[in-house]
Amino acid sequence: MSIEMKKNESKFEVRIDPRTFEGEWLQHKPVSHAEQEAMKTYKKQKCKGELPVFTCMSIDPAFINNELVYEKGLIPAVGYSYPFWRRVIREYDPTRNSRIMSITEYQYRNMFIVQRLFQAGWSVEDSWKAVFRDSKNIGNFRHSIEGKSRMNPTGSNPVAGFYDLGNTRKLLSRDFYQKKPRKEKIYIGGGSFDNLSGLHPVGFIQEFDWVDTDVFSAIGMLVMDP
């Protein structure tokens, strides 16, 4: 009988606990649709006492010898389909229920970044705007301050303890409590190096029907139990 060993904890792991969200930044009046949806989800789940705690990575994934790794200075693992990512991420660490990040988890990760920006001295308005409305100051986008209209290696553009904001698009799953649609869909968070920061900010989420299509400039987002 084989015993499945727990994968060594990565230094790029970040624990997200929305129950600890606090501060003046939460009094912000949402402006964009993405902000409104994030705050709506947060308030609804907080009232129900159903805020999820999870672990995600602060850096994009790459492949070394066909193994999924989270390290700096590598080529981001772009160009694969949602079914491919679902399988690879499930196999990453089954002992911690590794899975593709859901829409709600992505919203909370982004709110966590807003909180960190605020704690670092950014104004409430600038913190929310940078994540949910125009991410040119925190990520790699076309015409952003640090952007060069090309994909950067993993571990680029450190901001608030995270890397690779922008640079690649992020493949997400629907929430488990969502009713399964008649036709399966995928969700993509944010934008990449070839997107405009104001049209595809970090907090932006799109819905697509191309479930089995290899998605250019997108990576799968990993989540695990804390």
Side-chain angles (χ1 to χ4, degrees), residues 5-17 54-80 84-93 95-96 98-101 105-106 108-117 119-122 127 130-131 135-172 188-195 197 200-204 214-226:
M5 299 300 291
K6 182 175 178 180
K7 190 176 281 285
N8 290 333
E9 197 169 297
S10 168
K11 64 181 179 181
F12 294 108
E13 289 186 18
V14 179
R15 187 175 187 270
I16 308 289
D17 185 353
F54 58 92
T55 294
C56 65
M57 294 296 189
S58 63
I59 189 173
D60 277 357
F63 285 111
I64 296 180
N65 297 326
N66 296 319
E67 180 183 0
L68 188 65
V69 297
Y70 292 86
E71 297 178 11
K72 289 185 178 182
L74 303 176
I75 299 173
V78 297
Y80 299 96
F84 171 86
W85 277 110
R86 182 171 53 195
R87 176 180 60 80
V88 169
I89 285 179
R90 278 178 180 171
E91 294 172 354
Y92 181 77
D93 192 350
T95 66
R96 297 179 67 187
S98 56
R99 60 198 183 274
I100 293 183
M101 179 180 282
E105 289 165 337
Y106 186 68
Y108 291 151
R109 188 213 69 153
N110 293 334
M111 290 179 70
F112 183 75
I113 294 173
V114 171
Q115 177 176 249
R116 281 196 166 180
L117 291 174
Q119 291 171 340
W122 292 45
S127 299
V131 177
S135 302
K136 67 181 179 181
N137 292 327
I138 64 171
N140 180 28
F141 295 86
R142 190 194 306 176
H143 306 318
S144 62
I145 290 178
E146 297 296 332
K148 302 179 179 64
S149 292
R150 67 168 182 258
M151 188 179 295
N152 289 334
T154 58
S156 298
N157 304 317
V159 173
F162 285 82
Y163 307 87
D164 308 324
L165 300 177
N167 201 46
T168 63
R169 306 176 83 183
K170 320 301 185 187
L171 285 173
L172 310 168
I188 297 181
S192 65
F193 68 94
D194 59 347
N195 293 132
S197 59
H200 295 85
V202 169
F204 182 63
D214 291 342
V215 186
F216 172 72
S217 71
I219 58 91
M221 289 289 279
L222 167 72
V223 157
M224 299 180 289
D225 292 344

Tell me which donor-acceptor pairs under 3.5 Å the side chains of residues 58-65 have, and how far apart each pair is, sequence neighbours excluded?
unit_1: Ser58; atom_1: OG; unit_2: Phe12; atom_2: O; d: 3.1
unit_1: Asp60; atom_1: OD1; unit_2: Lys170; atom_2: NZ; d: 2.9
unit_1: Asp60; atom_1: OD2; unit_2: Thr168; atom_2: OG1; d: 2.5
unit_1: Asp60; atom_1: OD2; unit_2: Lys170; atom_2: NZ; d: 3.0

**Report entry** Partners meeting side-chain contact (heavy atoms from CB on, under 4.5 Å) with Ser217 (sequence neighbours left out)
**Finding:** Met151, Arg169, Ser192, Phe193, Asp194
**Report entry** Option from Val14, Asp164, Leu222, Val223 for which side chain to side chain contact (heavy atoms under 4.5 Å, CB included) with Met57 holds
**Finding:** Leu222
Report task. Locate the shortest heavy-atom distance separating Gly155 from Tyr163; write the atom from each residue and the value. Result -> O-CD2, 3.3 Å
Query raised in the report: How close do Asn157 and Gly139 get, heavy atom to heavy atom, and via which atoms?
Result: ND2-C, 4.2 Å
Report task. Using the test side-chain hydrogen bond (donor to acceptor under 3.5 Å, both in side chains), find all partners of Arg109 that sit at least two apart in sequence or belong to another chain. Result -> none
Requested in this report: Go through Val202 and Phe141 one step at a time and tell me if the side chain to side chain contact (heavy atoms under 4.5 Å, CB included) criterion holds.
Outcome: CA-CA 10 Å; Val202 169; Phe141 295 86; 4.2 Å; yes
**Report entry** Note, Trp85 side chain near Ile219 side chain (heavy atom, < 4.5 Å)
**Finding:** yes
Query raised in the report: Who pairs with Arg99 by side-chain hydrogen bond (donor to acceptor under 3.5 Å, both in side chains), at least two apart in sequence or on another chain?
Result: Glu105, Asp225
Query raised in the report: So, for Leu117 and Val131, which heavy atoms are closest and what is the spacing to 0.1 Å?
Result: CD1-CG2, 3.9 Å
Query raised in the report: So how far is it from Gln115 CD to Ser127 OG, rounded to the nearest 0.5 Å?
Result: 10.0 Å
Query raised in the report: In Å and rounded to the nearest 0.5 Å, what is the CG to OG distance from Asn140 to Ser135?
Result: 11.5 Å
Report summary line: Nearest heavy-atom approach of Leu171 to Ile100 is O-CG2, 3.7 Å
Query raised in the report: Nearest 0.5 Å, what's the NZ-NZ distance between Lys11 and Lys72?
Result: 6.5 Å
Report task. Kindly assign one of parallel, tilted or perpendicular to the pair Phe84 and Tyr80, based on the angle between their ring planes and the thresholds 30° and 60°. Result -> parallel
Report task. Using side-chain contact (heavy atoms from CB on, under 4.5 Å) as the criterion, list what pairs up with Asp17, not counting sequence neighbours. Result -> Arg15, Arg19, Thr20, Val53
Requested in this report: Could you tell me the separation between the CG atom of Asp93 and the CE atom of Met224, rounded to the nearest 0.5 Å?
Outcome: 6.0 Å
Report task. State the CD1-OH distance between Ile16 and Tyr108, to the nearest 0.5 angstrom. Result -> 12.0 Å
**Report entry** ring pair (Phe, Tyr, Trp, His ring centres under 6.0 Å) involving Tyr106 - partner list, sequence neighbours excluded
**Finding:** none
Report summary line: Rounded to the nearest 0.5 angstrom, the CD-CZ distance for Glu91 and Arg86 is 12.0 Å
Requested in this report: Evaluate side chain to side chain contact (heavy atoms under 4.5 Å, CB included) for Asn195 paired with Phe204, printing each intermediate quantity in order.
Outcome: CA-CA 12 Å; Asn195 293 132; Phe204 182 63; over 6 Å; no
**Report entry** Minimal non-hydrogen separation, Glu13 against Thr55, with atom names
**Finding:** OE1-CG2, 3.6 Å
